[in-house]
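Worksheet: one structure, shown below.
Scope of the values below: all heavy atoms of this structure, side chains included, with no hydrogens, waters or symmetry mates. Everything quoted here is computed from the prediction, not taken from an experiment.
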Amino acid sequence: MPQTERLAASEGSYAVVFAQRLSLSLPFGFVEQVQSVFGLTPKEARLACSLAEGLSLKDAAQRQGIRFKTARSYLEGIFQKTGAHQQSQLVAVLKTVQLILGNAAMTERRPAALADYQIPATDAA
């Protein structure tokens, strides 16, 4: 029979990890909420949310009926306004916002839960 050891609470460091399944579909009103929270234009908000839904920039541009070059220009504005430096970071930020706001219809203009939200720093500049 294998021996088991019990760890005392004072031994070592511990971490707690919470996992939640994220849906690629965004809740009703999320585009408008992202627009309001980050000060995006309607086109920037739609593009950012398309990326959060898992589309590539090329596919998001096609969905909006704009050129890829135009989408890249919008993306630069989105980066400036959200503090993100790359698409993967932007998607992480938007998914974090989605978790904070929940999946219910959003009516509050600037939710208190996001009032002090800061984009986490990354090594990429």
Side-chain angles (χ1 to χ4, degrees):
M1 225 182 240
Q3 285 187 332
T4 59
E5 294 182 32
R6 296 183 70 183
L7 296 176
S10 62
E11 292 182 33
S13 299
Y14 297 91
V16 177
V17 177
F18 294 95
Q20 180 176 352
R21 184 179 303 252
L22 290 177
S23 170
L24 288 178
S25 63
L26 299 174
F28 176 78
F30 189 71
V31 173
E32 293 79 9
Q33 193 66 45
V34 166
Q35 179 182 346
S36 174
V37 168
F38 294 109
L40 302 177
T41 67
K43 291 179 181 181
E44 288 172 337
R46 283 193 301 273
L47 182 68
C49 289
S50 290
L51 296 173
E53 288 178 313
L55 294 180
S56 68
L57 185 59
K58 179 181 176 184
D59 291 339
Q62 287 178 341
R63 175 193 271 185
Q64 288 193 24
I66 59 175
R67 293 182 177 189
F68 181 75
K69 186 175 179 179
T70 303
R72 288 184 57 85
S73 177
Y74 288 169
L75 188 58
E76 288 303 315
I78 294 166
F79 285 165
Q80 288 177 353
K81 293 173 184 179
T82 62
H85 298 288
Q86 52 193 2
Q87 281 182 233
S88 59
Q89 186 183 21
L90 174 64
V91 170
V93 166
L94 294 178
K95 287 300 181 179
T96 300
V97 169
Q98 182 182 355
L99 285 173
I100 292 170
L101 297 175
N103 288 328
M106 295 165 268
T107 58
E108 200 176 335
R109 185 129 174 93
R110 284 202 179 263
L114 289 175
D116 297 321
Y117 182 75
Q118 296 282 327
I119 306 297
T122 63
D123 294 335

*Considering non-hydrogen atoms only, spot the tightest contact between Ala71 and Leu57 and give its length.*
CB-CD1, 3.8 Å
_Residues which pass side-chain contact (heavy atoms from CB on, under 4.5 Å) with Ala45, listed by chain and number, not counting sequence neighbours_ = Val31, Gln35, Leu40
_With rounding to the nearest 0.5 angstrom, report the CD to SG distance, Glu32 to Cys49._
8.5 Å
*asked:* Between Thr82 and Ile78 (side chain of the first, backbone of the second, donor and acceptor by atom type, cut-off under 3.5 Å), is there such a pair?
replied: yes
*Smallest separation among heavy atoms of Gln64 and Ser50, with atom names*: NE2-OG, 4.5 Å
_Using side-chain heavy atoms (C-beta onward) and a distance below 4.5 Å, is Phe79 in contact with Gln87?_
yes
*Just jot down the side-chain hydrogen bond (donor to acceptor under 3.5 Å, both in side chains) partners of Ser56, sequence neighbours excluded, or say none.*
Asp59
*Say whether, by atom type as modelled, one donor and one acceptor occur between the side chain of Thr96 and the main chain of Ala92 under 3.5 angstrom.*
yes
*Looking only at heavy atoms, which two atoms of Leu90 and Leu51 are closest? And how far apart?*
CD2-CD1, 4.1 Å
_Heavy-atom closest pair, residues Leu94 and Phe30_ = O-CZ, 3.5 Å
*asked:* Under the salt bridge (charged side-chain N to carboxylate O under 4.0 Å, His left out) definition, can you give me all pairs with a residue in residues 60-82, not counting sequence neighbours?
replied: Glu44-Lys81, Glu53-Arg63
_Test side-chain contact (heavy atoms from CB on, under 4.5 Å) applied to Tyr74 and Ile66, step by step_ = CA-CA 10 Å; Tyr74 288 169; Ile66 59 175; 3.7 Å; yes
